[in-house]
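These notes concern the structure reproduced below.
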Number of protein chains: 2
Amino acid sequence: MRSYGQYCSIARALDVVGDRWTLLIVRELLIQGPCRFTDLKNGLPGIAANLLSTRLRELEQAELIERHEAPPPIATTLYRLTEAGHALEPALKAVGLWGMRYMSTVDRQDTFLPQWLAYAPAWFTVDADPEAPPVVVQLDVGDAHAVMEISGGRVETHVGRADSPDLVLNGPANAVLGLLMGVIDLDVATQIGLTATGSRDVLSRLRPIAESAAHAS
Amino acid sequence: MRSYGQYCSIARALDVVGDRWTLLIVRELLIQGPCRFTDLKNGLPGIAANLLSTRLRELEQAELIERHEAPPPIATTLYRLTEAGHALEPALKAVGLWGMRYMSTVDRQDTFLPQWLAYAPAWFTVDADPEAPPVVVQLDVGDAHAVMEISGGRVETHVGRADSPDLVLNGPANAVLGLLMGVIDLDVATQIGLTATGSRDVLSRLRPIAESAAHAS
DNA sequence: CCGGATCCCCAGGGATACTG
DNA sequence: CAGTATCCCTGGGGATCCGG
């Protein structure tokens, strides 16, 4: 990207990460950890291979990521965030929090990956009642499955299924995540296809982070 | 901008404000208030007029800004942020906070405008001692002049000069702002051309916001 | 002078194919 | 699997011009 040539920290930041796809590459590395080239390509539907290659080179030069030749049994190069790259997390969260206003609808064309089902609650919701006993929520959106563990003030998530969840939320992405993120309420979510199986009152355990509370992890 | 086509709030946000210049236009409207076309063009050195025109149209369609036909004596159209546009402030602050790491050096080519001298301390520093009496700091970088009023826990700024400041900081942009933002210390700032006239101990009144504390105003 | 519109040129992005 | 090479096309930059 051409530099804006301004002595302003916002413009300087955009000089480094303002290019198309760049912040989404950082997003994938933040939520997935160190990735192979192919992992990144799969996590960024639509990106051209040459462009990913170019971006990775630029990010490495900017010292936001570093290549790491993993020994067997991996035996391939992994890309991982440096400290400076990891420091983008608060900025990405703030941007994502603002973008939440566009999450109430979903287009048929939109791609949706399991890891996004997992990271969204982890980044943008908190346990509203830290003293209460732990609960587990299973999220199912098509073929994407994730588990939320709400406990001690924190919400932790991972891709996959739970053994005996207290609640199972199933439906289209905007119904499940829209409800969790607080952009739609339970009535609307149900209307657009949400089915909630189990104890619905665990939903009150979850509080979406308000914009005014955007902050570092 | 082409849509990323992902059901992810970060990707959705970038669909709207990820284009070149877009976030900087929002920055100008945030720090300047409602602006004329020419004000924006002047505040964004290097932008082509047609591109500014295009971006303003896109931003209006996205309902982040709105045109306002101001009556005489202004008698021209003003562009101002809507609620949704204003809601970008936390995200811009978080991005700017991350970009602070690139503020220790300044290139001769870099442009620097008086309003940036004013907004940076207001956005990225706080009064470390709210109980102490108010102090006034004058900032001079070339032809750019700004005033900081540190009082009651807050740091307020405006472009211009103060009558009887408690401290005057003069020097290149990276010396003055780098010092205030905490990216360089007083010794280094002095080495690269800072002159501090008045009571230097008022500098201790100022605390740069740490990354972990990035939050809404 | 303000608020654009038009035109031309080039860099950057997208799609596909190909290679070590 | 991990990229590179190629081609095409869109979008951005710069200058100029035009109506109010």
Side-chain angles (χ1 to χ4, degrees), chain A residues 1-6 11 14-26 28-29 32 34-62 65-80 109 111, chain B residues 1-6 11 14-25 28-29 32 34-62 65-80 109-111:
Chain A
M1 164 171 284
R2 274 180 75 110
S3 169
Y4 288 108
Q6 301 182 357
L14 294 176
D15 283 344
V16 179
V17 297
D19 267 321
R20 186 160 168 77
W21 291 108
T22 302
L23 280 179
L24 296 188
I25 293 171
V26 175
E28 284 302 305
L29 289 171
Q32 300 249 49
C35 286
R36 297 174 300 174
F37 187 91
T38 308
D39 298 330
L40 289 170
K41 183 141 173 47
N42 292 337
L44 299 166
I47 195 172
N50 58 351
L51 198 46
L52 177 55
S53 180
T54 301
R55 290 287 175 274
L56 289 173
R57 206 177 311 122
E58 292 166 347
L59 281 169
E60 191 184 0
Q61 284 200 318
I65 66 173
E66 55 192 9
R67 306 168 70 104
H68 173 232
E69 303 294 332
I74 300 181
T76 186
T77 84
L78 290 180
Y79 298 91
R80 62 182 178 197
Q109 314 266 23
T111 59
Chain B
M1 163 171 285
R2 273 181 74 109
S3 169
Y4 287 108
Q6 301 183 357
L14 294 176
D15 282 345
V16 179
V17 296
D19 267 321
R20 186 161 169 77
W21 292 108
T22 301
L23 279 179
L24 296 187
I25 292 171
E28 284 302 306
L29 290 171
Q32 299 249 49
C35 286
R36 297 174 300 173
F37 187 90
T38 308
D39 298 330
L40 289 170
K41 183 140 174 47
N42 292 337
L44 300 166
I47 195 171
N50 59 349
L51 197 46
L52 177 55
S53 180
T54 301
R55 290 286 176 274
L56 289 173
R57 205 177 312 123
E58 293 165 348
L59 282 168
E60 191 184 1
Q61 284 200 319
I65 67 173
E66 54 192 11
R67 307 168 69 104
H68 173 233
E69 304 294 332
I74 300 180
T76 186
T77 82
L78 290 180
Y79 297 92
R80 62 182 177 199
Q109 313 265 23
D110 288 343
T111 59

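Predicted model only: the values in this text are computed from it and were never measured. Atom set for the values below is all heavy atoms of this structure, side chains included, hydrogens, waters and symmetry mates excluded. Throughout, protein chains are lettered first and strands after them, A, B, ... in sequence-line order, and every chain is numbered starting at 1.
- In this structure the side chain of A/E60 reaches within 4.5 angstrom of the side chain of A/R67, judged on heavy atoms.
- Computed from coordinates, the A/E69 CD to D/dC1 C1' distance equals 13 Å when rounded to whole Å.
- Remark: A/W21 is not in phosphate contact with C/dG12, judged by side-chain N or O atoms under 4.0 Å from OP1 or OP2.
- The side chain of A/A49 has D/dT4 as its nearest neighbour among C/dG4, D/dG13, D/dT4.
- In the helix from C/dC1-D/dG20 to C/dG20-D/dC1, the rotation axis of the first five pairs and that of the last five pairs differ in direction by 30°, rounded to 10 degrees.
- The shortest distance between the side-chain N/O atoms of A/R20 and the OP1/OP2 oxygens of D/dG11 is not below 4.0 Å.
- Proximity of a side-chain donor or acceptor of B/T54 to a complementary backbone N or O of B/N50 within less than 3.5 Å is detected.
- Across all strands shown, A/T77 has heavy atoms under 4.0 Å from sugar-phosphate atoms exclusively, and none from any base.
- With B/T22 contributing its side chain and B/G18 its backbone, the two residues share no donor-acceptor pair below 3.5 Å.
- In this structure, B/K41 contributes its side chain and B/L52 its backbone to no donor-acceptor pair below 3.5 Å.
- When each of A/D39 and B/D19 is assigned the nucleotide of DNA chain D with its nearest heavy atom, A/D39 is the one assigned upstream, toward the 5' end.
- For B/T111 (side chain) and A/G5 (main-chain N/O), a donor-acceptor pair under 3.5 Å exists by modelled atom type.
- Between A/R2 and A/K41, the residue whose closest nucleotide on DNA chain C is further toward the 5' end is A/R2.
- Residue A/S53 has its side chain nearest to D/dG3 when only D/dC1, D/dG12, D/dG3 are considered.
- With distances taken from any side-chain atom of B/L51 to the nucleotides D/dG12, D/dG3, C/dG3, the minimum falls on D/dG12.
- Residue-to-nucleotide proximity on DNA chain D shows that, of A/R57 and B/A48, the 5′-proximal contact is made by A/R57.
- The phosphate of D/dG3 (OP1 or OP2) has a side-chain N or O of A/Y79 nearer than 4.0 angstrom.
- When rounded to the nearest whole Å, the span between NE2 of A/H68 and P of D/dA2 equals 14 Å.
- Atom CD1 of A/I47 is separated from atom P of D/dA2 by 15 Å (rounded to the nearest Å).
- At whole-Å resolution of the value, CG in A/L40 and C1' in D/dG3 are 13 Å apart.
- Note that the CZ atom of A/F37 and the CG atom of A/N42 stand 10.5 Å from one another [nearest 0.5 Å].
- When rounded to the nearest whole Å, the span between CG of A/L52 and P of D/dA2 equals 11 Å.
- Following rounding to the nearest Å, B/R55 (CZ) and C/dG3 (C1') show an atom-to-atom distance of 18 Å.
- Two residues are said to be in side-chain contact when any heavy atoms from C-beta on lie closer than 4.5 Å; B/I65 and B/R80 fail this criterion.
- Note on A/T54: every side-chain N or O is 4.0 Å or more away from OP1 and OP2 of C/dG12.
- Closest contact between the side chain of A/T76 and the listed nucleotides C/dG12, D/dC1, C/dG4 involves D/dC1.
- Taking atom CZ on A/R36 and atom P on D/dA2, their separation rounds to 5 Å, with Å as the unit.
- At D/dG3, one or more side-chain N or O atoms of A/R67 fall inside 4.0 Å of OP1 or OP2 (strictly under the cut-off).
- If you check distances only, the side chain of B/N50 does reach the base of D/dG14 with a donor-acceptor pair under 3.5 Å.
- Following rounding to the nearest Å, B/D15 (CG) and D/dG11 (P) show an atom-to-atom distance of 14 Å.
- Here the side chains of A/L24 and B/Q6 are in contact, with some heavy-atom distance below 4.5 Å.
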